[in-house]
Amino acid sequence: MRGWRKAISGLLAVLIAAGTGGCADRLADPPDEAGQPVEIAVAIEKSSPAPVAEALQTFCDNLYQFSGKTLHASLQHWEDVTQSQAEILFLPSERFFQLDPEMNVLRTDFLFSSYAHFEAAMNAPALLELLNRSFSQKTGYAIHSVSYGGKRLLVSGAGDFVEALRSDTANIIRDAISDIAVNASIRIEPADFSRPPEEDALYYVDTPQLGGLTEEETEGYIIINLDYLYHFNLLCISDRLEDRLTRMQLAAIYEAAAIAKPSCDQTYQALDTQGSRRFTSAILPSQKLQRAIREMQSAYPHPALASPIYQQIREYSS
């Protein structure tokens, strides 16, 4: 019995603890006397899933049409978009944290309780203003919108550990919290689906990885369906475009961006669902356990939790 108590407390201990080059601007040539369209570049990372790249290519095509064929955007694939000098960046959250370390609060476990919470908070005008406050000064880009980029899921093998997570018995929560006090823990590491899960081990895996797996590869693993660590992408637009483009061309960028964002969100949500279906079963921990995790997370003495970003996001909690 003590084994799963340590395991469940390890889950709490690991998840409650908060997670612990620059961009340049390239000016495109103005249209010539023959009326050639203005050329701009849109940069995306090579590691992005193919459906996301297709959505960004549609974004480029829409720019051409919406601008009355006066704006031509080429989609560029980079190992690191911060090195691209493109006018528009589809910037992954990991690159964002490199450029603006002050935003590391967004790595905090359980910062978002659901996709709806993520969407309401991250694209609220007040939150975008906070995100842009230092970012635009450092990089010369403005963050136009934030797209969902999948989440980090937790997986384990079957056994007493999984069954304990489903329990709604009050003493299980008390015992788990008691074990945290004596530093009980379990091992957590990236999932390696080339081998079966070990007993009382906890693994993490991200949405894009899950989407490419087969049922055979995930045999023996069970997904622990908690909203864990959210990834995202930022659509960043060079500040200088405002001085170079006509109002119609700028309006075309915003109109095309409004279509691209939900398209990218839906792609990652489809990968979430697709990945979950690779598992023979999944569990949703009891409501008491979920509440205990979230309450202890919000009370955790981490400096990031006192930041304006964190407090602003909490205002949008459902």
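Keep in mind that this is a model prediction, so the values were computed, not measured.
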Does a side-chain heavy-atom distance below 4.5 Å link [X] with [Y]?
X	Y	answer
Gln312	Leu130	yes
Leu234	Tyr141	no
Lys138	Glu102	yes
Gln249	Val38	yes
Met122	Leu106	yes
Phe90	Val42	no
Leu131	Ile309	yes
Leu128	Ile143	yes

Aromatic plane relationship, Tyr228 with Phe110 - under 30° parallel, 30 to 60° tilted, over 60° perpendicular:
tilted
Check the surroundings of atom CD in Glu219: do more than 12 heavy atoms from other residues, nucleotides or ligands lie under 6.0 Å from it?
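Atom CD in Glu219 is not packed in, count stays at 12 or less.
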Do other residues, nucleotides or ligands put more than 12 heavy atoms under 6.0 Å from the CD atom of Glu242?
no
If you look at every heavy atom in [X] and [Y], which pair is closest and at what distance?
X	Y	value
Ala41	Gln76	CB-NE2, 3.5 Å
Ala55	Ser263	CB-OG, 3.5 Å
Asp192	Ser194	OD1-OG, 2.5 Å
Lys46	His77	CE-O, 3.5 Å
Ala121	Leu127	O-CB, 3.1 Å
Val155	Ile223	CG1-CA, 4.0 Å

In Å and rounded to the nearest 0.5 Å, what is the [atom1] to [atom2] distance from [X] to [Y]?
X	Y	atom1	atom2	answer
Lys69	Gln36	NZ	CD	13.0 Å
Ser113	Asp227	OG	CG	7.0 Å
Glu198	Tyr203	CD	OH	4.5 Å
Leu71	Asn62	CG	CG	11.5 Å
Ile222	Leu154	CD1	CG	13.5 Å
Ser136	Ile237	OG	CD1	12.5 Å

Same hydrophobic cluster for Leu56 and Phe66, using side-chain heavy-atom links shorter than 4.5 Å among ILVMFWY?
no
Any link between Phe97 and Leu91 through a network of hydrophobic side chains (Ile, Leu, Val, Met, Phe, Trp, Tyr) touching at under 4.5 Å?
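As far as the 4.5 Å side-chain criterion goes, Leu91 and Phe97 are connected within one cluster.
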Could you check whether any side-chain N or O of [X] sits under 3.5 Å from a backbone N or O of [Y], counting only pairs where one atom can act as donor and the other as acceptor?
X	Y	result
Tyr230	Tyr115	yes
Thr218	Tyr221	no
Asn123	Val146	yes
Glu87	Ser238	no

Applying side-chain contact (heavy atoms from CB on, under 4.5 Å) to Glu54 and Thr267, what does each step give before you reach the verdict?
CA-CA 10 Å; Glu54 292 170 7; Thr267 294; over 6 Å; no
Please assess Asp272 against Thr207 for the test side-chain hydrogen bond (donor to acceptor under 3.5 Å, both in side chains), listing each intermediate value before the final yes or no.
CA-CA 6 Å; Asp272 281 342; Thr207 288; 2.3 Å; yes
Test Ile253 against Leu63 for side-chain contact (heavy atoms from CB on, under 4.5 Å), laying out the working first.
CA-CA 6 Å; Ile253 290 177; Leu63 283 181; 3.6 Å; yes
Contacts of Arg95 that satisfy salt bridge (charged side-chain N to carboxylate O under 4.0 Å, His left out) - sequence neighbours left out
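In terms of salt bridge (charged side-chain N to carboxylate O under 4.0 Å, His left out), with neighbours along the sequence ignored, Arg95 is linked to Glu45, Asp80.
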Quick one: which of Phe118, Tyr148, Tyr310 gives a ring pair (Phe, Tyr, Trp, His ring centres under 6.0 Å) with Phe112?
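Only one of Phe118, Tyr148, Tyr310 forms a ring pair (Phe, Tyr, Trp, His ring centres under 6.0 Å) with Phe112, namely Phe118.
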Phe59 vs Cys264, test: side-chain contact (heavy atoms from CB on, under 4.5 Å). Steps then yes/no.
CA-CA 10 Å; Phe59 169 71; Cys264 291; over 6 Å; no
If the condition is side-chain hydrogen bond (donor to acceptor under 3.5 Å, both in side chains), which residues does Gln269 pass it with, not counting sequence neighbours?
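Partners of Gln269 by the side-chain hydrogen bond (donor to acceptor under 3.5 Å, both in side chains) criterion come out as none, since no residue qualifies.
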What ring pair (Phe, Tyr, Trp, His ring centres under 6.0 Å) pairs are there with at least one residue in residues 233-290, not counting sequence neighbours?
His144-Tyr254
I'd like to know whether Gln209 forms a side-chain contact (heavy atoms from CB on, under 4.5 Å) with Tyr204, so could you lay out the CA-CA distance, the side-chain angles of the two residues, the decisive distance to 0.1 Å, and finally the verdict.
CA-CA 11 Å; Gln209 181 185 359; Tyr204 62 83; over 6 Å; no
